[in-house]
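Only one structure is covered here, and it is reproduced in the block below.
Any value given below was found using the heavy atoms of this structure, including those in side chains, with hydrogens, waters and symmetry copies removed. For the single chain, residues carry numbers from 1 onward in sequence order.
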Amino acid sequence: MNIEKRETILREIQYWRRSKLLPEQYCDFLTNLYNDENKIKDSNPVSLQNLQQGSIKIWLFGFGIISLIFLISLYFSVFPWPLQLATALCVLVVCYGYSAVYRDRNQIISLLLAGAGSVLTLGFGLWMISLHNLDPDFWRPLLIATCGLLWCVLGFMLRNGLLQFCGYAFWGLLYAGFFIQKRPDAELVELELLWVPLCVLMIWLSWLLYHRVSGVSGVYFGVGVCLWLMPEIDALWLRGGFPGWVSLILILKVAAGLALLFIFRKKWITWVAS
């Protein structure tokens, strides 16, 4: 609610109080309610209203943050590896910690901080692998697995569906890469057996968590829907060498999936909206 609309409501409450159209106790309740909301909005340190007031603490805080970002960017490569690891962990703790703090206050800031922490997690990991000339065939999959696990856990704790979905996407990428190395000449039937049971498992977990934990069943349902199409995506885009008629199977599976979603729309929409 913007400031002008809040001021209009407060003036109307004062009018109701003077004209005795509403009980005085109820007018006091409404006045305190909108005043408390105003205080909560103004408590955001990066709001334009606080910046306009010219608070020296806020500007010094912004100067410190910007200077710290440039300092880390310029000198991170010359730090010893324990300090590099400690610096990366401190930055991630700050990003995800403040994302949790702002989850109920300002959801947009919370999402931006979680997104920044996720990008920095991957960026710091790839940077350290490059700086220390580590074996990418071992450390990059390990980084992907770590990022996926971290994002799944934090997404579940913060009730951040996008972060949790990205975590499962990274685990799916790791799963696909593992079987590409183990079975590079797999047939389409084998790919269906690799992915479709996971699709059924995730949709079953979506139904199970809908009855037990609120706010996460939609993520599992979305992952299950994506896994439904993964055999053909794996064959066409990740492996290659499959005939063109696999594209027709992908189109048929999309049509079948949409038909199932339409038939069971009253059930899965309830799961997603929970």
Return the minimal non-hydrogen interatomic distance between [X] and [Y], and the atom names on each side.
X	Y	answer
G224	C199	O-SG, 3.1 Å
S247	L236	OG-CD1, 3.8 Å
V246	A235	CG1-CB, 4.4 Å
Y102	I109	CG-CG2, 4.1 Å
C152	G167	SG-C, 3.5 Å

For [X], what residues pass the side-chain hydrogen bond (donor to acceptor under 3.5 Å, both in side chains) criterion, not counting sequence neighbours?
X	answer
W228	none
E190	R183
R103	none
S110	S99

May I ask whether [X] and [Y] are part of the same hydrophobic cluster, defined by side-chain heavy atoms of I, L, V, M, F, W, Y residues being less than 4.5 angstrom apart, directly or through others?
X	Y	answer
L227	L201	yes
M202	L193	no
M230	V189	no

Q. Partners of W171 by ring-ring contact (aromatic ring centres under 6.0 Å, His included), sequence neighbours excluded?
A. none
Q: Please list, chain by chain and in numerical order, all residues satisfying ring-ring contact (aromatic ring centres under 6.0 Å, His included) with F170, sequence neighbours excluded.
A: W151
Q: For P82, enumerate each residue passing the side-chain contact (heavy atoms from CB on, under 4.5 Å) test, keeping only those at least two apart in sequence or located in another chain.
A: P80
Q: Using the test side-chain contact (heavy atoms from CB on, under 4.5 Å), find all partners of Q107 that sit at least two apart in sequence or belong to another chain.
A: L111
(Q) Between R212 and L208, does the side-chain contact (heavy atoms from CB on, under 4.5 Å) criterion hold? Intermediate values first, please. (A) CA-CA 7 Å; R212 298 177 181 272; L208 183 65; 3.4 Å; yes
Q: Give the other cluster members for L112, using side-chain heavy-atom distances under 4.5 Å between Ile, Leu, Val, Met, Phe, Trp and Tyr residues; answer none if it is isolated.
A: I108
Just so I know, are the side chains of [X] and [Y] near enough to count as touching, which here means a heavy-atom distance under 4.5 Å?
X	Y	answer
F165	C226	yes
R239	D185	no
L209	V219	no
Y220	I203	no

When the side chains of residues 156-163 are checked against the rest of the protein, which donor-acceptor pairs come out under 3.5 Å, sequence neighbours left out?
| unit_1 | atom_1 | unit_2 | atom_2 | d |
| --- | --- | --- | --- | --- |
| R159 | NE | S214 | O | 3.1 |
| R159 | NH1 | F156 | O | 2.3 |
| N160 | OD1 | L162 | N | 3.3 |
| N160 | OD1 | L163 | N | 3.2 |

Q: Output every pair passing ring pair (Phe, Tyr, Trp, His ring centres under 6.0 Å) with a member in residues 237-269, not counting sequence neighbours, ordered by first then second residue.
A: F221-W268
Q: Verify the neighbour count for atom CZ of R265: are there more than 12 heavy atoms of other residues, nucleotides or ligands below 6.0 Å?
A: yes
Mind listing the side-chain donor-acceptor pairs of residues 116-136 below 3.5 Å, one per line with the distance, residues two or more places apart or on another chain?
| unit_1 | atom_1 | unit_2 | atom_2 | d |
| --- | --- | --- | --- | --- |
| S118 | OG | Y96 | OH | 3.2 |
| S118 | OG | A114 | O | 2.8 |
| T121 | OG1 | G117 | O | 2.6 |
| H132 | NE2 | Q84 | OE1 | 2.8 |
| D135 | OD1 | D137 | N | 3.3 |

